[in-house]
Amino acid sequence: MAARVARPERAAVVGLIAGRARRLEAERSLEELASLAEAAGAVVVLRVLQERPKPDSSTFLGIGKVRALAVSCAELDVDLVVFDNELTPAQLGHIEEELSRKIIDRTQLILDIFARRARTREGKLQVELAQLKYLLPRLAGSGAALSRLGGGIGTRGPGETKLETDRRRIRARIHSVSEAIEQVRRRRSQLRERRHKASVPTVALVGYTNAGKTTLFNALTRAEAQASDALFVTLDPLVRQVQLPDNRELLVSDTVGFIDRLPHALVAAFRATLEEVANADLILHVIDAGAADRDRRVAAVRRVLEEVGAKDVALVDVYNKNDVLTADERRRLQEQDSSALCISALRRDGLDELVDTIASKVALDVRRVTLRFDPDDPADRERIARTYRHGHVLEHETRDGRVSITADIPRRVLSWLERPSAKPE
């Protein structure tokens, strides 16, 4: 007898237009929430957008709207209701009591998707940490909302068995997972150190989820990483080597996609991974050129880059999917940002110009300095060797027992060569 296939959960997505929020922005956010729900495996059968001066402290939408929502959910056989805003434990409890259905908010939904997509031990640890930090303040007074495992969306992932544990056990687990992630951070730091020693520059691909980063990554590296028209397909970072036209080599890393209102717990948990971006020599910000809310997505990515300490890294905006634009739209885009590149990673249009831009940016990432060393100091002798290994030496002079070297040095290794006995002039 064939195994019975469980039907997808039927979901309602609910948003709120409050205060000065604009309807168009709220509608786009709700549409994105529906896409997130579908990425988690649900079928969205109901969309609700409520307008009120501010969220109701008890039921978020107001008791009348919640009861009307309950009727609609019953008519459409809804299993799951997803709110576009983060709910307080009290709101969660009251809404669940009125609707008699599973209720989750945007943060829980994103955490669920990350739990589904994590493949490596590192990725699973980071998702679990984010889930635990989200659950901890919601244990008190949350009652049935967090005390039972209903299965399905919002309850999956490495941290799901912690829903019934007390705060002490969750704090102990947070400590344990944090220590494991710190070990990951140290290993990544050691790998970056090795790359710097080999003078291999790193280019990080960042962008809003589903902007086409992985497709571009595959095109640049000739890799076959999974790419699809879905949200958060790439969770665990990928790093591959690329050879430039001048035969220099660099590393390209594909990172997790960003999203507007990315849960702070996730940003904090993925800091070890996102350090790859903060320590890159160049960031390629991949933008979906055809997205109707392109500016909002760009702003969301900029906020996350600032949060992870990457705002000062050299950045190039790369408008992907230009094949969906008309000639006039492409011209206006170029006029709006003359330094931006327009490409189609899928069709490989504009990749030559992109590679040339990467090559020029990496090549210009040098500084001409004069360094002075003490040849009797073992540490300085190592620095002299590194100067020759990484830089282009223009002049080497020994006078009065001191060594003076003038060289063009990559910025990424200059800090290792600068010390009181070897300072640039």
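These numbers come from a predicted model, not from an experiment.
Here the shortest heavy-atom pairing between A314 and D281 reads CB-O, 4.0 Å. When all heavy atoms of G212 and N320 are compared, the pair lying nearest together is CA-ND2, 3.6 Å. Between D84 and S29, the shortest heavy-atom contact is OD2-OG, 2.5 Å. Here the closest non-hydrogen pair linking E98 and V66 is CB-CG1, 3.6 Å. Here the shortest heavy-atom pairing between G41 and P8 reads O-CB, 3.5 Å. When all heavy atoms are compared, the tightest approach of A42 to A11 is CB-CB, 3.9 Å.
Side chain of H175 to main chain of R171: no donor-acceptor pair is present (N/O by atom type, distance under 3.5 Å, no hydrogens or angles). Counting only distance, with no hydrogens or angles, the side chain of R10 and the backbone of L76 share a donor-acceptor pair below 3.5 Å. At distances below 3.5 Å, at least one donor-acceptor pair connects side-chain atoms of Q91 with backbone N or O atoms of T88. Using modelled atom types, no side-chain atom of D317 and backbone atom of A340 make a donor-acceptor pair closer than 3.5 Å. Side-chain atoms of R47 never come within 3.5 Å of backbone atoms of L30 as a donor-acceptor pair (strictly under, hydrogens ignored). Judged by distance alone, the side chain of R294 and the main-chain N or O of A289 form a donor-acceptor pair under 3.5 Å. E329 places no side-chain N or O within donor-acceptor distance of the main-chain N or O of N322, the cut-off being under 3.5 Å. Remark: the backbone N or O of G93 is not paired with any side-chain donor or acceptor of E96 at under 3.5 angstrom.
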Stepwise salt bridge (Lys or Arg N to Asp or Glu O under 4.0 Å) check, R331 with E335: CA-CA 6 Å; R331 178 180 51 78; E335 290 174 351; 3.2 Å; yes

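Between E32 and R106 there is a salt bridge, since at least one side-chain N of the basic residue sits less than 4.0 Å from a carboxylate O of the acidic one.
Inter-residue side-chain proximity for V313 and V277 is flagged as unmet; no heavy-atom pair is nearer than 4.5 Å. A 4.5 Å side-chain heavy-atom check between V48 and S72 finds every atom pair outside the cut-off.
The environment of L49 atom CG is dense: over 12 non-hydrogen atoms of other residues, nucleotides or ligands sit within 6.0 angstrom. More than 12 heavy atoms of other residues, nucleotides or ligands shown are found within 6.0 angstrom of CD on Q334.
When L282, L341, D352 are each tested for a side chain to side chain contact (heavy atoms under 4.5 Å, CB included) with T357, only one passes: L341.
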